[in-house]
A.B. asks: 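Encoded as structure tokens, here's the structure I'll be asking about.
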Protein chains: 2
Amino acid sequence: MTTKEKVLNAAYRCFSKKGYFGTTTREIAHSAGVSEVTLFRLFGSKKELFREVLLNYSVIPDIRSISVPEGSGREVLEEIGRKIYSSLREKKEFLKILLSEVTGLTEEMQEVYSHFTQTLEALLENVFSSLLSLPEVEIPLKVKVFGSALFGFFISEEIFQGREPPQHEVNAFIETLSRFIYGG
Amino acid sequence: MTTKEKVLNAAYRCFSKKGYFGTTTREIAHSAGVSEVTLFRLFGSKKELFREVLLNYSVIPDIRSISVPEGSGREVLEEIGRKIYSSLREKKEFLKILLSEVTGLTEEMQEVYSHFTQTLEALLENVFSSLLSLPEVEIPLKVKVFGSALFGFFISEEIFQGREPPQHEVNAFIETLSRFIYGG
DNA sequence: CCTGTATGTAAGCGGTTACTTACACAACAT
DNA sequence: ATGTTGTGTAAGTAACCGCTTACATACAGG
């Protein structure tokens with residue numbers, strides 16, 4: 001691991017534990033095992049380091065790379081749901097950082113939020129339109145219900161309550177949700 | 001409005017715009033039109049002021065005071081959904097503060113999060129059990145799906161994307177969600 | 001008129017923060 | 001051997017933060 005990667009990783013952990021203003025550059029440097037001077041030589045400023053952390057650990061590529069499995073039926077929907085949820089969990093620290101910056105609302109952050117929402121909805125639209133033979137006018141609503149429920153469940157359980165529900169509990173939620181939306 | 005209320009209100013606005021660490025006591029005092037000394041005389045410390053803001057502007061009492069209307073059927077579910085959503089919107093700044101503090105996770109905040117989740121789920125459990133004659137084992141899952149979808153939709157639209165969807169859009173979402181869960 | 005209560009102004013204190021400068025050292029490539 | 005590159009240490013800067021002290025002022029009640 002290069003020095004730059006060490007610092008990025010330490011910053012990722014610190015920002016997710018204390019937020020941007022709550023984290024000091026001393027802290028990051030010490031946590032990375034490098035000197036503070038090195039940090040500034042590599043990244044120029046705290047803000048720039050923060051930007052690079054967001055780029056490096058974003059959940060967006062993970063969601064974008066989710067492939068829609070062949071087949072039709074509720075199982076496909078459930079599988080996508082599980083994949084999305086496990087992506088969110090894998091990048092939980094990134095999402096914590098995102099949530100911790102909802103105050104402030106710089107255009108830069110606003111763009112990250114929109115990008116995230118759009119990526120998630122694009123994936124789901126893809127799934128639903130390849131899956132259902134229904135009046136298409138319903139698809140956007142199904143997308144919103146499915147995406148919102150998944151996202152809301154994740155935030156409520158994993159972030160607000162700080163627990164990681166066992167797999168069968170997550171699966172039960174996703175199965176129920178899929179059944180409601182897909183029917184059957 | 002008493003001086004204390006002026007300070008509380010200013011602090012509420014500042015914290016929701018910049019988060020706890022991003023807000024300075026000078027800023028709050030100036031925004032309230034009082035001197036910084038007065039702020040410290042009234043609240044003792046920044047942390048104590050923050051606590052009082054959370055108590056004073058919490059959305060929890062709003063949710064707790066939502067009454068379950070008489071009648072049965074999907075309309076009741078929709079009505080509850082609309083009431084919850086409008087409570088969330090009315091206390092959007094409070095929820096922003098909550099989200100901005102997910103990093104850190106002091107026991108104090110943890111308790112607020114749990115309390116919020118529990119209050120919401122208690123209300124919904126009340127609604128579902130008075131509404132449906134279904135196998136009760138399904139109720140907790142319905143509660144989670146309904147609550148998560150509502151909450152996720154709110155965060156995604158109002159907080160992440162910073163928009164206030166027009167009433168008919170919110171209603172359409174809630175109507176669809178209720179139909180999926182209640183059937184019919 | 002006096003006294004208590006609430007607020008303001010001015011000044012500052014000790015600590016912290018992001019960031020910089022100057023210099024030394026080690027590894028490595030030419 | 002020499003120069004380049006990457007890192008460390010030491011020291012410090014200017015600004016800012018939460019919070020305090022000391023003192024003045026305004027006003028209401030008895």
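Everything numeric here is computed off the predicted structure, so don't read it as measured data. A, B, ... follow the sequence lines: proteins, then strands. Residue 1 opens every chain.
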A.B. asks: In whole Å, I'd like the distance from the CG atom of A/L39 to the P atom of C/dT17.
C.D. replies: 14 Å
A.B. asks: Can you tell me how far C1' of D/dA11 sits from CZ of A/R26, to the nearest Å?
C.D. replies: 12 Å
A.B. asks: Which of residues 2-22 of chain A have a heavy atom under 4.0 Å from DNA chain C?
C.D. replies: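 Within this stretch, nothing sits under 4.0 Å of the strand.
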A.B. asks: Let me know the distance between NZ of B/K46 and C1' of D/dT20, rounded to the nearest Å.
C.D. replies: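 For the pair B/K46 NZ and D/dT20 C1', the rounded distance is 17 Å.
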A.B. asks: What is the distance, to the nearest angstrom, from the CD atom on A/E48 to the P atom on C/dC19?
C.D. replies: 11 Å
A.B. asks: Would you tell me if any nitrogen or oxygen in the side chain of B/T25 comes within less than 4.0 Å of OP1 or OP2 on D/dG18?
C.D. replies: yes
A.B. asks: When rounded to the nearest 0.5 angstrom, what is the spacing between CD in A/E90 and OH in A/Y85?
C.D. replies: 13.5 Å
A.B. asks: Given the ring of A/F43, does A/K4 sit roughly above its face, with NZ or CZ under 6.0 Å from the centre of the six-membered ring and within 45° of the axis?
C.D. replies: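 Yes, a cation-pi geometry.
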A.B. asks: Measure centre to centre between the rings of A/Y57 and A/F15, then say whether the value is under 6.0 Å.
C.D. replies: no
A.B. asks: Would you mind reading off the distance between B/L42 atom CG and D/dC19 atom P, rounded to a whole angstrom?
C.D. replies: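 Rounded to the whole Å, the gap is 14 Å.
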A.B. asks: Would the B/Y113 and A/F160 ring centres measure less than 6.0 Å apart?
C.D. replies: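 Centroid separation for B/Y113 and A/F160: below 6.0 Å.
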A.B. asks: Hey, which sits more toward the 5' end of DNA chain C by its nearest nucleotide, B/T38 or A/F40?
C.D. replies: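 That would be B/T38.
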A.B. asks: Atom CD of A/E36 to atom P of C/dT21: distance rounded to whole Å?
C.D. replies: 15 Å
A.B. asks: Whole Å only: how far is the NZ atom of B/K47 from the C1' atom of D/dC17?
C.D. replies: 14 Å
A.B. asks: Quick one: do A/K144 and A/E121 make a salt bridge, cutoff under 4.0 Å?
C.D. replies: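 The answer is yes: the pair qualifies as a salt bridge.
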A.B. asks: Please report the interatomic distance OG(B/S86) to CD1(B/I66), rounded to the nearest 0.5 Å.
C.D. replies: 7.0 Å
A.B. asks: How many whole angstroms separate atom CZ of B/R41 from atom C1' of C/dT5?
C.D. replies: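 These atoms are roughly 11 Å apart.
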A.B. asks: Heavy-atom nearest nucleotide on DNA chain C for B/G33 versus A/E27: which residue maps closer to 5'?
C.D. replies: B/G33
A.B. asks: Testing A/K83, A/K91, A/R89, A/K92 one by one against A/D62 for a salt bridge (Lys or Arg N to Asp or Glu O under 4.0 Å), which residue passes?
C.D. replies: A/K91
